[in-house]
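The structure under discussion appears below in the form of structure tokens.
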Amino acid sequence: MEVHQRYGGVVPELASREHVRAIVPVVREALRQADTRLEDLTAIAVTQGPGLVGSLLVGLTYAKALSFAKGIPLIGVHHLEGHIEAALIGVELAYPALALVVSGGHTHLFECTGQGEYRLEGKTRDDAAGEAYDKVSKLLGLGYPGGPVIDALAARGNPRAVRFTSPKLKGNLSDFSFSGLKTAVLRWTEKRRERGDFDARTDSETIDMLASFQNTVIEELLRRAQAAADRIGAKALVVSGGVAANRGLRAAVAKRQWGIPVYFPEPRWSTDNGVMIALAGTRRWMRGQVSGLDLKAQANLPLAR
Ligand code: KG4
Ligand code: ZN
């Protein structure tokens, strides 16, 4: 994070270099905290994609080496399956279920039709919701990642102070769009700057605008998720991905009448983590779905067939 904060976002080359540097100590520390040894592991789960290919390759190569050296199975996991499974610890999911995955790279709705089976219901046509948070944060000098800081500031503002219009999208009713909202925030910020310098962390107008921005994102996510859930006759809703850590989103979900169970991961397992990959890998392993050593990293790996 410190490396990325300097540039206001993830620089792919730096990310893979940091992965190389961190992977051995991180695995050692994880084993230490779990009071486990490599010898005790039954299988190795690893993210196959999607993501930055340089970073994926570091993890994949390391996992393959471990799998080969210890003679234990390798299990390739889709990043988004990890996010979804993180919400389902101890849960017997009823199908079909709707999964709303909101992160820095994805804003997707999937219909979960069975264990490990997904159908793409809708997705963002431009920016992901988390990306909108990060861009707005950068614009206002609030640092990276933008989600947590905007979440905290938004809690203090008036969500109805600034009216942002929701996008009119033709075609798929389950698609999202956040680039218009980002541009609207840019325009608002330019206007605000014309009246003089301000500190986004303390300026009450900016805090109100951020509350309105967050409210618009949440309303958009939930409106489309609810319509999609009705359309597919969902028996459960799963909300996951980095943006699912958002306190405003959690509160708004709790306030709505869904008529079906709604599952979130614990906040610490909403943003990227290894636990979610281990969980998804365990479920795959239990279904006998292991990978070969020819497993390839895929930057654009789709979740749904
Ligand atoms: O899933 P994740 O950790 O990484 C990706 O797969 O992208 O999601 C990261 C994204 C970032 O855009 C970050 O700003 C956003 O999740 N995020 C949040 C919050 N915490 C993280 N967005 C809104 N509110 C939060 N509390
Ligand atoms: Zn993620």
Side-chain angles (χ1 to χ4, degrees), residues 1 4-5 7-12 15 18-19 45-53 55-56 59 77-87 99-108 110 123-124 126-157 159 176 178-179 181-182 185 210-222 238-253 264-280 297-303:
M1 280 301 186
H4 301 319
Q5 271 158 3
Y7 299 92
V10 175
V11 181
E18 289 306 311
H19 274 68
V46 63
T47 306
Q48 183 191 355
L52 296 171
V53 78
S55 301
L56 291 171
V77 171
H78 192 286
H79 182 77
L80 299 188
E81 181 164 274
H83 274 306
I84 294 169
E85 292 286 2
L100 169 64
V101 187
V102 247
S103 70
H106 292 84
T107 300
H108 283 45
F110 293 102
K123 62 176 181 172
T124 179
D126 37 60
D127 293 353
E131 193 180 352
Y133 270 95
D134 296 336
K135 286 178 175 168
V136 164
S137 180
K138 192 169 180 175
L139 180 70
L140 293 166
L142 290 170
Y144 174 86
V149 55
I150 292 178
D151 192 6
L153 289 173
R156 290 167 26 208
F176 300 95
F178 292 104
S179 78
L181 176 59
K182 174 194 67 189
V185 172
L210 288 174
S212 308
F213 161 80
Q214 171 150 308
N215 185 51
T216 308
V217 172
I218 293 170
E219 283 304 312
E220 205 52 29
L221 291 174
L222 298 191
V238 181
V239 186
S240 198
V243 180
N246 190 273
R247 284 181 299 162
L249 175 66
R250 284 173 185 254
V253 168
F264 273 93
E266 276 187 36
R268 63 184 169 147
W269 291 331
S270 296
T271 45
D272 287 356
N273 64 85
V275 170
M276 69 189 205
I277 303 304
L279 269 166
Q298 274 181 264
N300 297 314
L301 185 67
L303 178 63

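Both ligands and their constituent atoms are indexed starting at 1 by order of listing. If you're wondering where the values come from, they're calculated on a predicted model, not measured in any experiment.
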Does His106 reach ligand 1, in the sense of a heavy atom lying below 4.0 Å from it? no
contact_flag His83 ligand 1 heavy-atom lt 4.0 Å: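 It does, in that a heavy atom of His83 comes within the 4.0 Å cut-off of ligand 1.
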Taking every non-hydrogen atom, the tightest pair across [X] and [Y]:
X: Asn273; Y: Val275; value: OD1-N, 3.0 Å
X: Ala86; Y: Leu279; value: CA-CD1, 4.0 Å
X: Ala211; Y: Gly157; value: CB-C, 3.6 Å

Nearest non-hydrogen protein atom, [atom]:
atom: atom 22 (N) of ligand 1; answer: Gly147 CA, 3.3 Å
atom: atom 6 (O) of ligand 1; answer: His79 NE2, 3.0 Å
atom: atom 21 (C) of ligand 1; answer: Gly242 O, 3.4 Å
atom: atom 4 (O) of ligand 1; answer: Asp272 OD2, 3.0 Å
atom: atom 12 (O) of ligand 1; answer: Asp134 OD2, 2.7 Å
atom: atom 24 (N) of ligand 1; answer: Asn246 ND2, 2.8 Å

Could you tell me the separation between the [atom1] atom of [X] and the [atom2] atom of [Y], rounded to the nearest 0.5 Å?
X: His83; Y: Phe110; atom1: NE2; atom2: CZ; result: 11.0 Å
X: Arg247; Y: Gln214; atom1: CZ; atom2: CD; result: 9.0 Å
X: Lys135; Y: Leu181; atom1: NZ; atom2: CG; result: 12.0 Å

Sub-4.0 Å atoms of ligand 1 with respect to non-hydrogen atoms of [X]:
X: Gly130; value: 12 (O)
X: Gly105; value: 7 (O)
X: Gly146; value: 14 (O)
X: Thr271; value: 3 (O), 21 (C)

Pair Tyr133 + Phe213: ring centers closer than 6.0 Å: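 Centroid distance Tyr133-Phe213: below 6.0 Å, so yes.
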Given Gly82, Ser270, Gly104, which one has a non-hydrogen atom that is nearest to atom 9 (C) of ligand 1?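 Answer by nearest heavy atom: Gly104.
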What part of Asp151, side chain, backbone, both or neither, has a heavy atom within less than 4.0 angstrom of ligand 1?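 Contact part for Asp151 vs ligand 1: side chain (C-beta onward).
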Looking at the Zn ion (ligand 2), is one of the N, O or S atoms of His83 less than 2.8 Å from it?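 Within the cut-off used here (under 2.8 Å), His83 does place an N, O or S atom near the Zn ion (ligand 2).
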Would you check if the side chain of Thr107 reaches a backbone N or O of Ala129 as a donor-acceptor pair within less than 3.5 Å?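 Yes, Thr107 side chain to Ala129 backbone: donor-acceptor pair under 3.5 Å.
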What I'd like to find out is whether the side chain of His79 reaches to under 4.5 Å of the side chain of Ser103, using heavy atoms alone. no
Between OD1 of Asp272 and NE2 of His79, what angle is found at the Zn ion (ligand 2), rounded to 10 degrees?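 Rounding to the nearest 10 degrees gives 100°.
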When Thr124, Leu80, Leu303 are each screened for side-chain contact (heavy atoms from CB on, under 4.5 Å) with His106, the one that passes is Leu80
